[in-house]
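Written out below as structure tokens is the structure these notes cover.
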Amino acid sequence: MAESELVAVTAAPRTRKKIQVQELDAGQPCLNCNEQCTGFQPHQWRKNCLNCRCLRIEHDIIHDNYVTVKEHMGLTSSEDDSTKEEKERSVSHGYSWVPAQLDSEKIDKYMSSLPNSSIPKLHTPGETNRDKQMILQIPRQDLSLDFCTLMEDTEDAVEQFTNFVEYRDAEAFGIGIVKDPIPTDMECFKCKGEIPAGEMAVFTDKLADDICWHPFCFCCHECDELLVDLAYFFKDGEIYDERHYAELITPRCEACDELIFAGEFTKAMNENFHSGHFCCFNCDNSLTGQRYILREDHPYCIKCYEDVFANTCEECSLKIGTDFKDLSYKDRHWHEQCFFCHECNTSLVDKPFAARDDDLFCSNCHDNKFAARCDGCKDIFKSGMKKMEYKGQQWHEHCFVCVNCKEKIGSDSFIPKDGSIYCVPCYEDIFGTKCNNCTKIINAGGVTYRGEPFHKECFVCNDCKKPLAGMRFTSREDKPYCADCFGERFAKKCTSCSKPITGMGGTKFISFDNRNWHNDCFNCVKCQSSLVGQGFMTEEEDILCPCVWPSIREDILCPVCGQA
């Protein structure tokens, strides 16, 4: 319990204050629920809609008539000439409100300094926003008893309310004054930034002349919202909107949004309530001294909470009351004692489980009944086990092994053959092509000789071991030789040049008397003319053409020319 802060003023004859508030709320659509709400239906005293339960201010509430702040507060009448002039001046400039001190050019300059959503230009969202801000920042129930649904039926409460209104309007209320230009550099009271000389600033008549604000900084000290129509309420060196100013003076009921002017009130959930307003959000029964449950910041009695929010148990179909634990899984709910395995009836509380066809199973029952099985050992895959898969087959990690060496393959490479899995070394050892020379696997770049495979580097000359891949070679007794080695070991030697006559590439040669010559070397030893296809004579080891023979034997005539 706490006492409201009282505002002491001299008592005076009381008269009913006539304020110009004609707010249209009943039937207005909800801005949160949209089409789900059929329109605002006021509660007897709550600030919530009976249809959608959203706040009144969250509906599209509007002023049924265009009013100024002073009209709204009852400080002037719509019939007053000054009020009419203020409205006409605003509309003529295309706005629903303009600062009184500015001419046309400076009005546009002021408006351009505000956020777009706060510019009250006619027929724009800014005009609607101004209307909403006036309703929110200067609530009608703070202005007149006519809009208080629960003002305590005591003379003291009415007296305090009247004193508060009179003091607020006379001492705290003011309208900001826009000056342009300012003569010297000044500091913004809110953001502490500089306002250069020649720029525009907002002043008040409640603070010193050297205190001012940027136009976009003229905000409520509590909620930081721009003050509608520059209307402020001064307290303890700061400016506020009326709502937050009033809450500095006396508590506000969280339920009905009205100020509390009683000697006693209820404090709960860090909020204040009229003594009769701390009630269940559903049935309105008092919760004072009762158990209650918070849901979305609203209190509910136990019965209403269970009726409205309690879930139905999937197993027994009974409500899960507040005295029971509510165990949930995928929008389904169970009593703690009803949360058990469908197969073995073991409790699943704090245990791993799985769902299948709307039934719950402990991990063992689920695995035995539904789990996939290893294509190796045929046992199930338990939860958390690694599963190795290949072409529709699956194995435990320890079952995915080479069919030959039985070693685990894991994430290493493997080769499938005839439905079996082989590690790479085993596959190569069993099925791979092996070099006829070194007997190792040929992975790439092999050659074939007489039907036998060789690594390129293993197919070499039988004599000098020079690689023969891509080279000219010949063979002897099934063994390959390079041209040089073959010539040195097996070819006939030319009688003339003593070099081997290999015959590679189609080379022709001459044989005579167990001697051999290259075609190019079968020449007369005297004149060096070729004797290929010609007659020739021999003298000991030499071969001679017939032309030179008479020089040796003058008694013999040349068989070709007939001369001696």
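Values below: all heavy atoms of this structure, side chains included; hydrogens, waters and symmetry mates excluded.
- Between Asp284 and Trp45 there is a side-chain heavy-atom pair separated by less than 4.5 Å.
- Atoms CD1 and CG, on Ile62 and Leu24 in that order, are 5.0 Å from each other to the nearest 0.5 Å.
- Side-chain contact between Ile107 and Arg89: present, with at least one pair of heavy atoms (C-beta onward) separated by less than 4.5 Å.
- By the 6.0 Å contact criterion, NZ on Lys87 is enclosed, its count of non-hydrogen atoms from other residues, nucleotides or ligands being greater than 12.
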(request) Run the numbers on Ser118 and Asn129 for side-chain contact (heavy atoms from CB on, under 4.5 Å), then give the verdict. (result) CA-CA 7 Å; Ser118 298; Asn129 181 69; 4.2 Å; yes
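- No donor-acceptor distance shorter than 3.5 angstrom exists from the side chain of Arg168 to the backbone of Tyr245, with no hydrogens or angles considered.
- With respect to Lys47 and Glu254, a salt bridge is recorded, a charged nitrogen being found less than 4.0 Å from a carboxylate O.
- Here the side chain of Glu199 pairs no donor or acceptor atom with the backbone of Pro196 at under 3.5 angstrom.
- In this structure, Glu225 does not pair ionically with Arg243, as no charged nitrogen and carboxylate oxygen lie closer than 4.0 Å.
- Within 6.0 Å of CD on Glu187 lie more than 12 heavy atoms contributed by other residues, nucleotides or ligands.
- A donor and an acceptor atom, one from each side chain of His298 and Asn48, are nowhere located under 3.5 Å apart.
- Considering all non-hydrogen atoms of both residues, Lys106 and Pro181 come closest at NZ-CD, 4.1 Å.
- Looking at Lys132 and Asp60, their side chains come closer than 4.5 Å, going by heavy atoms from C-beta outward.
- Annotation: side chain of Leu75 is in contact with side chain of Phe173 (closest heavy-atom distance under 4.5 Å).
- At least one side-chain heavy atom of Arg332 sits less than 4.5 Å from a side-chain heavy atom of Asp358.
- Residues Lys303 and Asn282 form no side-chain contact, since every pair of their non-hydrogen atoms from C-beta on lies 4.5 Å or further apart.
- The backbone N or O of Asp257 sits less than 3.5 Å from a side-chain atom of Arg252, completing a donor-acceptor pair.
- Between the SG atom in Cys219 and the CG atom in Leu226 there is a gap of 4.0 Å [rounded to 0.5 Å].
- Arg356 forms no cation-pi arrangement with Phe361, by the criterion of a distance under 6.0 Å to the ring centre and an angle within 45° of the ring axis.
- Atom SG of Cys365 is separated from atom CG of Leu360 by 12.0 Å, given to the nearest 0.5 angstrom.
- Taking 4.5 Å as the limit, some side-chain heavy atom of Thr204 sits within range of a side-chain heavy atom of Phe218.
- Residue-environment remark: CG (Asn116) stays at or below the threshold of 12 foreign heavy atoms within 6.0 Å.
- Remark: Asp81 CG is loosely packed, at most 12 non-hydrogen atoms of other residues, nucleotides or ligands lying under 6.0 Å away.
- Gln133 CD to Ile138 CD1: the interatomic distance, rounded to the nearest 0.5 Å, is 10.0 Å.
- Smallest separation of non-hydrogen atoms from Cys220 and Asp241: SG-N, 3.5 Å.
- When every heavy atom of Phe203 is checked against every heavy atom of Ile211, the shortest pair comes out as CD2-O, 3.4 Å.
- Of all heavy-atom pairs between Cys217 and Lys190, the closest is O-CD, 3.0 Å.
- Across Ile320 and Lys325, no two heavy atoms sit closer than the pair CG2-O, 3.7 Å.
- Atom OH of residue Tyr232 and atom CG of residue Leu207 lie 7.0 Å apart, to the nearest 0.5 angstrom.
- Taking CG from Leu50 and CD from Gln41, the interatomic distance works out to 5.0 Å, rounded to the nearest 0.5 Å.
- Residues that satisfy the salt bridge (Lys or Arg N to Asp or Glu O under 4.0 Å) test with Glu23, not counting sequence neighbours, are Arg56, Arg140.
- Side chains of Asp108 and Tyr95: a donor on one and an acceptor on the other come within 3.5 Å.
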(request) Might you work through the side-chain contact (heavy atoms from CB on, under 4.5 Å) test for Asp25 and His59, ending with a clear yes or no? (result) CA-CA 7 Å; Asp25 53 13; His59 291 72; over 6 Å; no
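- In this structure, Phe273 has its ring center under 6.0 Å from that of Phe278.
- When all heavy atoms of Thr250 and Ile260 are compared, the closest pair comes out as OG1-O, 2.6 Å.
- Looking at Glu171, its side chain never comes within 3.5 Å of a backbone N or O of Tyr167 through a donor-acceptor pair.
- Both tests pass for Lys192 against the ring of Phe189: distance under 6.0 Å to the centre and angle within 45° of the axis.
- Residue-environment remark: CG (Asp297) stays at or below the threshold of 12 foreign heavy atoms within 6.0 Å.
- Ring centroids of Tyr329 and Phe353 are separated by less than 6.0 Å, placing the two rings close together.
- The pair Lys319-Glu306 does not count as a salt bridge, with every side-chain nitrogen at least 4.0 angstrom from each carboxylate oxygen.
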(message) The test is side-chain contact (heavy atoms from CB on, under 4.5 Å); show your working for Tyr292 and Cys301 and say whether it passes.
(response) CA-CA 5 Å; Tyr292 64 90; Cys301 65; 5.8 Å; no
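- Between Glu247 and Tyr240, the closest side-chain pair of non-hydrogen atoms is not below 4.5 Å.
- Side-chain atoms of Thr83 come within 3.5 Å of backbone atoms of Ser77 as a donor-acceptor pair (strictly under, hydrogens ignored).
- When the shell of 6.0 Å around CD of Glu85 is examined, it contains 12 or fewer heavy atoms from other residues, nucleotides or ligands.
- Checking Thr38 against Asn51 by side-chain atom types alone, a donor-acceptor pair falls below 3.5 Å.
- Side chain of Thr68 to main chain of Glu71: a donor-acceptor pair is present (N/O by atom type, distance under 3.5 Å, no hydrogens or angles).
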(request) Applying side-chain contact (heavy atoms from CB on, under 4.5 Å), run through Met111 and Lys121 and close with a yes or a no. (result) CA-CA 9 Å; Met111 293 299 179; Lys121 192 172 184 63; over 6 Å; no
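- Between Phe400 and Tyr390, a ring centre-to-centre spacing not shorter than 6.0 Å is recorded.
- In this structure, a donor-acceptor pair under 3.5 Å is present between the side chains of Asp156 and Gln160.
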